[in-house]
Amino acid sequence: MEPSIRAPRGIKDVLPPDASRFEAVLKEAESVLSLGGFQKVLLPLFESTALFARSIGGATDIVEKEMYTFLDKGGDQYSLRPEGTASLLRAAIEHRLLDPSRIIRLAYSGPMFRHERPQAGRLRQFTQIGAEVLGPLTPADDVDLISLIHRMAIDFSIPSWTLILNSLGCPLCRPAYRETLVAYLVKNAASLCETCHRRTAQNPLRVLDCKVPSCQEALEQAPRITEHLCTRSRNHFEDVKMGLDGLGIPYVLSHRLVRGLDYYTETTFEFVSDALGAQSTWAAGGRYDGLTAELGGPDLPGIGFAAGIERLWLLREKAGTLPDPEKHPVRIMVFPMETNGRVAALDLVRKLRNAGVPASGHFSGGKIKSAFRQAERDGALFLAILGEDELRSGTVQVKNLETGEQCSWPLNDVKKIADMIRESGG
RNA sequence: GUGAGUGUAGCUCAAGGGCAGAGCACUGGACUGUGGCUCCAGGGGUUGGGGGUUCGAAACCCCUCACUCACCCCA
């Protein structure tokens with residue numbers, strides 16, 4: 001009864017009719033990016049482990065414990081991609097797409113892999129769509145990217161969403177803030193949890209993200225980064241906020257939004273929804289000035305985001321805005337009543353397909369009744385019957401299963417049947 | 001990695017120590033070549049797996065596995 005081999009934990013099969021609906025959800029999200037002038041890049045599913053360690057950050061959870069890492073036969077170490085930005089930047093640098101004199105907009109989509117305990121909205125293989133803007137950026141480019149995600153929220157009727165906004169400063173002002181913060185954390189170490197102690201040394205900004213109540217309390221008085229930004233970063237942040245205000249895009253500020261990837265600078269943002277369970281983020285991203293240089297390319301500003309397609313699915317499901325399942329995946333099923341009609345049935349199926357009509361055959365014989373039931377269950381709109389009489393007269397009975405209408409057609413003019421089927425809607 | 005909850009037919013779920021059941025689905029018949037409705041019949045299960053307690057375990061105890069949710073983390 002139980003199959004001996006099951007799908008790995010956290011890996012989901014998507015079956016009909018949901019599979020084509022899932023692809024539609026992905027496609028609709030991608031088309032928003034097309035509207036934004038983004039061009040798609042196809043990227044590999046695995047990369048050198050070092051790429052992720054260097055871009056995402058060695059002290060992050062993703063790199064420390066969530067990557068699927070393996071050695072290939074040549075002894076090189078690779079990892080299944082846990083996110084897309086690193087790959088896309090690697091490709092842009094490798095193929096010399098980056099140009100200090102112009103902005104490029106690139107998009108990607110596909111499966112990502114992280115070894116985490118699965119729960120609602122969290123899988124080990126999940127699908128992301130992402131976009132990156134690279135070049136001589138202004139704060140307006142930050143706003144423009146955010147407004148594209150805002151469009152998704154509107155277009156897909158995402159229920160009760162919130163845009164959370166913060167600034168992480170730049171390589172000039174962040175180190176100074178970091179020191180101030182560490183000083184505060186060390187002074188208040190007694191009231192912080194163990195993880196926070198570790199992070200104080202390794203990744204102090206992440207301490208701000210701690211959800212332990214006693215830590216939150218201790219962090220009330222902690223220095224806030226937005227009050228320690230340099231003039232340039234402060235102006236940048238003000239410009240972004242003004243832009244969002246100007247477009248009427250609502251947001252809330254959170255000095256605790258630090259993100260789990262090291263490469264973010266300046267603007268960071270998260271689109272969340274409380275309709276999603278504990279995993280509330282459905283799209284997130286930020287500015288990452290300096291990452292292209294870190295990866296060996298020209299030192300250019302960049303900003304990007306990623307959205308989780310499975311989470312978009314859950315939200316659209318709740319909102320009732322999922323694409324409808326395909327009503328008639330097969331338009332017509334051909335049923336030979338006797339064994340000696342099988343070849344004629346095969347030939348009819350083939351000719352219908354040649355004429356562009358999705359067709360299948362029910363060749364196993366049996367009662368005509370079961371053929372009707374089978375056709376209905378497979379989602380066919382028509383059933384074609386080839387019995388003794390039809391074979392003798394070179395015709396076929398074609399019945400519309402929704403209207404009950406039935407006609408006899410000559411077998412040597414399949415094109416007419418195909419036209420009729422195409423015109424019959426459904 | 002940690003914690004809690006749940007595992008009974010293909011699906012949704014009953015039976016809380018005493019014959020493993022219902023609805024839906026499936027197959028066949030009533031209806032010789034015309035489906036959906038109705039009625040009748042049938043096939044389906046080592047009750048996730050292993051051990052223990054008991055005259056007797058789906059049920060109680062222990063272990064284990066899986067799933068779900070949450071912590072954590074993030075899309």
Side-chain angles (χ1 to χ4, degrees), chain A residues 1-12 26 29 56 60-67 81-85 109-131 149 152 193-196 199 203 206 209-213 257-261 269-273 276-285 304-315 333 335-338 341 362 365-378 380-391 397-406:
Chain A
M1 181 184 122
E2 280 301 304
S4 54
I5 299 179
R6 312 166 50 97
R9 166 174 294 182
I11 307 294
K12 276 267 190 297
L26 174 61
I56 299 169
T60 58
D61 287 302
I62 292 177
V63 169
E64 265 183 355
K65 49 196 189 202
E66 293 177 2
M67 289 206 297
R81 60 181 187 186
E83 58 112 35
T85 300
S109 67
M112 306 293 163
F113 306 85
R114 290 182 202 170
H115 188 100
E116 302 179 274
R117 278 289 274 270
Q119 68 182 76
R122 189 167 78 185
L123 296 166
R124 290 186 172 181
Q125 177 181 327
F126 58 101
T127 313
Q128 277 189 351
I129 179 176
I149 310 170
M152 291 191 193
C193 72
E194 201 166 311
T195 323
C196 285
R199 284 182 175 151
N203 194 348
R206 282 291 309 288
D209 201 28
C210 187
K211 275 121 200 156
V212 176
L257 179 69
V258 296
R259 314 286 301 129
L261 294 79
F269 56 87
E270 257 180 38
F271 280 80
V272 299
S273 168
L276 211 45
Q279 308 302 319
S280 55
T281 306
W282 54 273
F305 85 97
I309 300 299
E310 286 83 1
R311 291 182 182 178
L312 275 183
W313 171 284
L314 291 172
L315 290 166
M333 176 177 281
F335 174 62
M337 296 201 41
E338 319 287 345
H362 182 71
K367 300 269 182 213
I368 193 167
K369 196 164 162 179
S370 66
F372 271 102
R373 275 208 289 263
Q374 183 76 41
E376 208 168 47
R377 241 183 300 139
D378 290 3
L381 180 53
F382 290 91
L383 182 68
I385 302 157
L386 279 169
E388 292 288 348
D389 300 345
E390 288 75 24
L391 288 174
Q397 296 286 329
V398 179
K399 182 166 184 177
N400 183 317
L401 296 175
E402 272 179 8
T403 64
E405 244 175 302
Q406 181 167 334

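Because only heavy atoms are used, hydrogens play no part in the values below, and waters and symmetry mates are left out as well, while side chains stay in. Order of the sequence lines sets the chain letters (A, B, ...), proteins ahead of strands, with each chain counted from 1.
On a pure distance criterion of 3.5 Å, no polar donor-acceptor pair joins the side chain of A:Glu402 and the base of B:G36. A:Gln397 contributes no side-chain N or O that forms a donor-acceptor pair with the base of B:U34 under 3.5 Å. The base of B:U34 does not come close enough to the side chain of A:Lys369 for any donor and acceptor atom to sit less than 3.5 Å apart. Between the side chain of A:Gln119 and the base of B:C72, a donor-acceptor pair under 3.5 Å is found. The base of B:C65 does not come close enough to the side chain of A:Arg9 for any donor and acceptor atom to sit less than 3.5 Å apart. With hydrogens and angles left out, the side chain of A:Arg122 and the base of B:C69 share no donor-acceptor pair within 3.5 Å.
The CZ atom of A:Phe113 sits 19 Å away from the P atom of B:C74 (whole-angstrom rounding). For A:Ile309 and B:A75, the CD1 to P distance is 14 Å, given to the nearest whole Å. Look at CZ on A:Arg206: it is 11 Å from P on B:C72, rounded to the nearest Å. Atom-to-atom, CD of A:Glu66 to C1' of B:C72 comes out at 9 Å; the value is rounded to the nearest Å. Straight-line distance from the CD atom of A:Glu390 to the P atom of B:U34: 12 Å, rounded to whole Å. Going from atom CD of A:Glu270 over to atom P of B:A75 covers 7 Å, rounded to whole Å. Atom CD of A:Glu116 and atom P of B:C72 are 13 Å apart (whole Å). The interatomic distance linking A:Glu405 (CD) with B:G35 (C1') rounds to 16 Å, in whole Å.
Within 4.0 Å of A:Gly404, counting heavy atoms only, lies at least one base atom of the nucleic acid. The residue A:Arg199 sits close only to the backbone: its heavy atoms come under 4.0 Å of sugar-phosphate atoms, none of a base. Looking at heavy-atom distances under 4.0 Å, A:Leu315 makes no contact with the nucleic acid at all. Note on A:Arg311: a base of the nucleic acid sits closer than 4.0 angstrom, heavy atoms only. Among the protein residues, A:Gln406 comes within range of the nucleic acid bases, having at least one heavy atom under 4.0 Å from a base atom. Across all strands, A:Arg114 comes closer than 4.0 Å to base atoms (heavy-atom distances). No contact: A:Gly130 has no heavy atom under 4.0 Å from any strand.
With hydrogens and angles ignored, the 3.5 Å screen pairs no side-chain donor or acceptor of A:Asp378 with any backbone N or O of A:Ala380.
Between B:A22 and B:U8, the two C1' atoms lie 13 Å apart (nearest whole Å). Rounded to whole Å, the P atom of B:C39 lies 9 Å from the corresponding atom of B:C24. Across the P atoms, B:C63 and B:A4 are found 11 Å apart, a figure rounded to whole Å. Between the P atoms of B:C31 and B:A25, the separation comes to 22 Å (whole Å). B:C55 and B:C13 have their P atoms separated by 36 Å, given to the nearest Å. Nucleotides B:G21 and B:U68 are separated by 31 Å at their P atoms, to the nearest Å. For B:C69 and B:C26, the C1' atoms lie 33 Å apart once the distance is rounded to whole Å. Comparing B:A14 with B:A58, their C1' atoms are spaced 12 Å from each other, to the whole Å.
Residue A:Arg377 has a polar side-chain atom (N or O) positioned under 4.0 Å from OP1 or OP2 of B:U27. Within the 4.0 Å cut-off from OP1 or OP2 of B:G48, not a single side-chain nitrogen or oxygen of A:Arg6 is found. A:Lys367 has no side-chain polar atom (N or O) that falls below the 4.0 Å cut-off from OP1 or OP2 of B:G35.
When Watson-Crick and G-U wobble pairs are counted only if both distances are under 3.5 Å, B:A30 pairs with B:U38. With a cut-off of 3.5 Å on both Watson-Crick or G-U wobble distances, the partner of B:G44 is given as none. Base pairing of B:G7: its partner is B:C65, meeting the Watson-Crick or G-U wobble criterion (both donor-acceptor distances under 3.5 Å). As the counterpart of B:U54, no nucleotide is assigned, since no Watson-Crick or G-U wobble pattern has both distances under 3.5 Å. Across the strands present, B:U12 finds its partner in B:A22; the criterion is a Watson-Crick or G-U wobble pair with both atom distances under 3.5 angstrom. Pair check for B:A70 finds B:U2; Watson-Crick or G-U wobble, both atom distances under 3.5 Å.
Between A:Arg114 and A:Glu83, some side-chain heavy-atom pair lies under the 4.5 Å cut-off. Residues A:Lys399 and A:Glu405 fail the side-chain proximity criterion, which asks for heavy atoms closer than 4.5 Å. Considering only heavy atoms from C-beta on, A:Arg117 comes within 4.5 Å of A:Arg9 through its side chain. Here the side chains of A:Ile11 and A:Leu123 are not in contact, with every heavy-atom distance at 4.5 Å or above.
Using a cutoff of 4.0 Å between basic side-chain nitrogens and carboxylate oxygens, A:Asp61 and A:Arg259 are not scored as salt-bridged. Here A:Glu116 pairs with A:Arg122 in a salt bridge; the nearest charged N to carboxylate O distance falls below 4.0 Å.
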Scan the side chains in residues 276-283 of chain A for donor-acceptor partners under 3.5 Å anywhere in the protein, sequence neighbours excluded, and list what turns up.
residue  : atom : partner  : partner atom : Å
A:Thr281 : OG1  : A:Glu270 : OE1          : 3.1
A:Trp282 : NE1  : A:Val272 : O            : 3.4

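Where A:Lys65 and A:Thr281 meet RNA chain B, the nucleotide closest to each residue was compared, and A:Lys65 sits on the side nearer the 5' end. Where A:Ile385 and A:Ile62 each meet RNA chain B at their nearest nucleotide, the meeting point lying more 5' is that of A:Ile385.
In this structure, the nucleotide among B:G35, B:G33, B:A75 sitting nearest to the side chain of A:Gln128 is B:A75.
By the 5.5 Å and 30° criteria, A:Phe126 is stacked with the base of B:A75.
Against the 90° criterion about 0, the sugar-base torsion of B:G51 places it in the anti range.
Heavy-atom contacts from other residues, nucleotides or ligands closer than 6.0 Å to CD of A:Glu64 number more than 12.
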